[in-house]
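See structure below.
What's counted below: heavy atoms across the whole structure, side chains too, no hydrogens, waters or symmetry copies. Everything quoted here is computed from the prediction, not taken from an experiment.
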Amino acid sequence: MDKEPITLNGLNKLKEELVFLKEKKRPEIVAAIAEARSHGDLKENAEYHAAKEEQSHNEGRIAEINDIIARANVIDVTKLNNEGKVIFGSTVYLEDLDTGEKINYKIVGRDEADLKQKLIFFQSPIGKGLIGKNKSDLVEINTPSGVKNFEIKDVKYI
């Protein structure tokens, strides 16, 4: 059972999702199953089968979240001394040397990763390319869309 690094924020979001799935979603599904069951013949009852399938997905996600929480290794970077090094949980401010575009990413665990939110998985090509580097370093990263060249402008532990 490998420990899975996660930020404090990521852990809190998982716990909120777990409460929602158990206390709100689960009773709704149970009610939907009871309602569908009251309509008689279950063999041809699409609502019943849909509700049972939703129940299966919901219970699967609950088990998955429980597993993640059990294996969570919470890393709170706000408690660490910032030496300007890119580590798990740090926020990295970059300049794309090819386009001049300024971007920033927070390096997070698998379940928190969301590119739209600028949260990148530490095992992704960009995550791997940045971890261990320092403020002012020039970094060349092979991504699925080609080689990217960045300068690390700043590293914050927020």
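- Within the structure, the side chain to side chain donor-acceptor pair (under 3.5 Å) test picks out the following pairs touching residues 8-24 (sequence neighbours left out): Glu17-Arg61, Lys24-Glu28.
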Show me the donor-acceptor pairs within less than 3.5 Å that the side chains of residues 109-116 make with the rest of the protein, sequence neighbours left out.
{"from": "Glu112", "atom 1": "OE1", "to": "Thr7", "atom 2": "OG1", "distance (Å)": "2.2"}
{"from": "Glu112", "atom 1": "OE1", "to": "Gly10", "atom 2": "N", "distance (Å)": "3.4"}
{"from": "Glu112", "atom 1": "OE2", "to": "Thr7", "atom 2": "N", "distance (Å)": "3.1"}
{"from": "Glu112", "atom 1": "OE2", "to": "Gly109", "atom 2": "N", "distance (Å)": "3.3"}
{"from": "Asp114", "atom 1": "OD1", "to": "Lys116", "atom 2": "N", "distance (Å)": "3.1"}

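- Nearest heavy-atom pair, Ile33 versus Gln55, reported as atom, atom and distance to 0.1 Å: CD1-OE1, 3.4 Å.
- Partners of Phe88 under the ring pair (Phe, Tyr, Trp, His ring centres under 6.0 Å) rule, at least two apart in sequence or in another chain, are Phe122.
- Within the 3.5 Å criterion, the main-chain N or O of Ala36 finds a donor-acceptor partner in the side chain of Asn45.
- You'll find the side chain of Ile69 reaches within 4.5 Å of the side chain of Leu11, heavy atoms only.
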*Apply the test side-chain contact (heavy atoms from CB on, under 4.5 Å) to residues Lys128 and Gln123: give CA-CA distance (whole Å), side-chain angles for both, the deciding distance (0.1 Å), then the verdict.*
CA-CA 5 Å; Lys128 281 183 181 174; Gln123 296 282 38; 3.4 Å; yes
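- Applying the ring pair (Phe, Tyr, Trp, His ring centres under 6.0 Å) rule to Tyr105 yields no partners; only residues at least two apart in sequence or on another chain are considered.
- We find the CG-CD distance between Asn73 and Glu4 to be 9.5 Å, quoted to the nearest 0.5 Å.
- With hydrogens and angles ignored, the 3.5 Å screen pairs no side-chain donor or acceptor of Asp67 with any backbone N or O of Ala63.
- No path of Ile, Leu, Val, Met, Phe, Trp and Tyr side chains, each step under 4.5 Å between heavy atoms, connects Leu119 with Ile103, placing them in separate hydrophobic clusters.
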*Using the side-chain contact (heavy atoms from CB on, under 4.5 Å) rule, take Asn134 and Val155 through it: C-alpha gap first, then chi angles, then the decisive distance, then the call.*
CA-CA 8 Å; Asn134 293 290; Val155 179; over 6 Å; no
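- Listed by first and then second residue, the ring-ring contact (aromatic ring centres under 6.0 Å, His included) pairs involving residues 131-157 amount to none (not counting sequence neighbours).
- Here Leu14 contributes atom CG and Ile6 contributes atom CD1; the two are 4.5 Å apart, rounded to the nearest 0.5 Å.
- In this structure Lys133 satisfies the salt bridge (charged side-chain N to carboxylate O under 4.0 Å, His left out) test with no other residue, sequence neighbours excluded.
- Every residue meeting the salt bridge (charged side-chain N to carboxylate O under 4.0 Å, His left out) condition with Lys135, not counting sequence neighbours, appears here in chain and number order: Asp154.
- Atoms CD1 and CG, on Ile107 and Leu130 in that order, are 5.0 Å from each other to the nearest 0.5 Å.
- Interatomic distance, CG of Leu8 versus CD1 of Ile75, reported as 11.5 Å (0.5 Å rounding).
- In this structure, Gln117 and Lys106 have side chains that are not in contact, with every pair of non-hydrogen atoms separated by 4.5 Å or more.
- Panel note: side chain Asp41, backbone Lys43; a donor-acceptor pair is recorded below 3.5 Å.
- Transitive grouping of hydrophobic side chains (ILVMFWY, heavy atoms separated by less than 4.5 Å) keeps Val108 and Ile141 in distinct clusters.
- Cluster membership for Val74 and Leu80, using ILVMFWY side-chain heavy atoms within less than 4.5 angstrom, is not shared.
- Here the CG-CD1 distance, from Asp137 to Ile152, works out to 5.0 Å after rounding to the nearest 0.5 Å.
- Under the side chain to side chain donor-acceptor pair (under 3.5 Å) criterion, the residue pairs touching residues 77-93 are Asp76-Thr78, Asp76-Lys79, with sequence neighbours excluded.
- Under a hydrophobic-cluster definition in which Ile, Leu, Val, Met, Phe, Trp and Tyr are linked whenever side-chain heavy atoms come within less than 4.5 Å, directly or via other members, Phe121 and Val77 are assigned to the same cluster.
- For the salt bridge (charged side-chain N to carboxylate O under 4.0 Å, His left out) test, no residue two or more places apart in sequence or in another chain qualifies with Glu53.
- Here the straight-line distance linking atom CD1 of Ile126 with atom CG of Leu94 works out to 8.0 Å at 0.5 Å rounding.
- Applying the ring-ring contact (aromatic ring centres under 6.0 Å, His included) test to pairs two or more places apart or on separate chains, none has a residue in residues 25-53.
- Residues forming a salt bridge (charged side-chain N to carboxylate O under 4.0 Å, His left out) with Lys153 (at least two apart in sequence, or on another chain): Glu95, Glu151.
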*Begin from the C-alpha positions of Asn58 and Glu54 and carry the test side-chain contact (heavy atoms from CB on, under 4.5 Å) through to its verdict.*
CA-CA 6 Å; Asn58 193 59; Glu54 189 178 1; 5.5 Å; no
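- In the hydrophobic clustering, Leu138 connects to Leu97, either directly or through intervening members, whenever side-chain heavy atoms lie under 4.5 Å apart.
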